Amino acid sequence: MAKDKKVESVPKDLTLPTEGQVLCVVEELVGADFLKVRCVDGVSRVCRIPGKYRRRVWFSGGDVVLVQPWDFQQNKGDIVYKYSKDEVRKLVGMGLITKEFIEGAI
């Protein structure tokens, strides 16, 4: 006899960019665990997918990610976090990123 499991959804805290981190939109999958992203600060970067996301999190064009640019090479960085659709709506509502930027109009 199967017991009914109650799944309670606990709201996650929204991960916001801290100092030095930038919100970006994935433009292209370069390959070899690298992505080409367009960032809110106007710079296009090639970013590395860290090992904790490899084969666990799938990226595609249009995804919103949080990037930590490298100190010594500003056109490259590391992916820190991938936002879900609900989190992207919250970011748009907070004014941290615009829908036009996500859709590529800007």
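Atom set for the values below is all heavy atoms of this structure, side chains included, hydrogens, waters and symmetry mates excluded. What you are looking at is a predicted structure, and each value in this text was computed from that prediction instead of being measured.
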| field | Thiol sulfurs of Cys39 and Cys24 closer than 2.5 Å | value | yes

Hey, what do you get for [atom1] ([X]) to [atom2] ([Y]), rounding to the nearest 0.5 Å?
| X | Y | atom1 | atom2 | result |
| --- | --- | --- | --- | --- |
| Ser44 | Asn75 | OG | CG | 9.5 Å |
| Ile79 | Arg45 | CD1 | CZ | 10.5 Å |
| Thr15 | Lys90 | OG1 | NZ | 10.5 Å |

| query | Quick one: hydrophobic cluster around Trp58, which other residues, with the 4.5 Å side-chain cut-off, linked directly or via members? | reply |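 None, because no other hydrophobic side chain comes under 4.5 Å of this residue.
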
| Could Arg38 and Phe101 be counted as a cation-pi pair, given that NZ or CZ must be under 6.0 Å from the ring centre and within 45° of the axis? |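 Judged by the rule (NZ or CZ under 6.0 Å from the ring centre, within 45° of its axis), Arg38 counts as positioned above Phe101.
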
| query | Does NZ or CZ of Lys82 fall inside the cone over Phe59's six-membered ring, less than 6.0 Å from its centre and within 45° of the axis? | reply |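 So Lys82 does make the cation-pi contact.
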
Same apolar cluster: [X] and [Y], side chain cutoff 4.5 Å:
| X | Y | answer |
| --- | --- | --- |
| Tyr81 | Val88 | yes |
| Leu96 | Val26 | yes |
| Ile102 | Leu14 | yes |
| Val46 | Val25 | no |
| Leu23 | Leu16 | yes |

| said: Measuring only between side-chain heavy atoms, which start at C-beta, is Pro69 closer than 4.5 Å to Val22? | reply: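 Counting from C-beta outward, Pro69 and Val22 do come under 4.5 Å.
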
| query | Tell me, do Val65 and Tyr83 make a side-chain contact under 4.5 Å, heavy atoms counted? | reply |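 Sidechains of Tyr83 and Val65: no contact.
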
| message | For Arg54, is the CZ atom crowded, meaning more than 12 foreign heavy atoms sit under 6.0 Å from it? | response |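 For Arg54, atom CZ is crowded (more than 12 foreign heavy atoms under 6.0 Å).
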
| task | Check Ile49, Val30, Val67 against Leu35 for a side-chain contact (heavy atoms from CB on, under 4.5 Å) and give me the one that passes. | result | Ile49

| With Val80 via side chain to side chain contact (heavy atoms under 4.5 Å, CB included) - residues at least two apart | Gln21, Leu66, Gln68

| task | Without swapping roles, check the side chain of Gln73 against the backbone of Trp70 for a donor-acceptor pair under 3.5 Å. | result | no

| query | Can Arg48 and Asp33 be counted as an ion pair, charged N to O under 4.0 angstrom? | reply | no

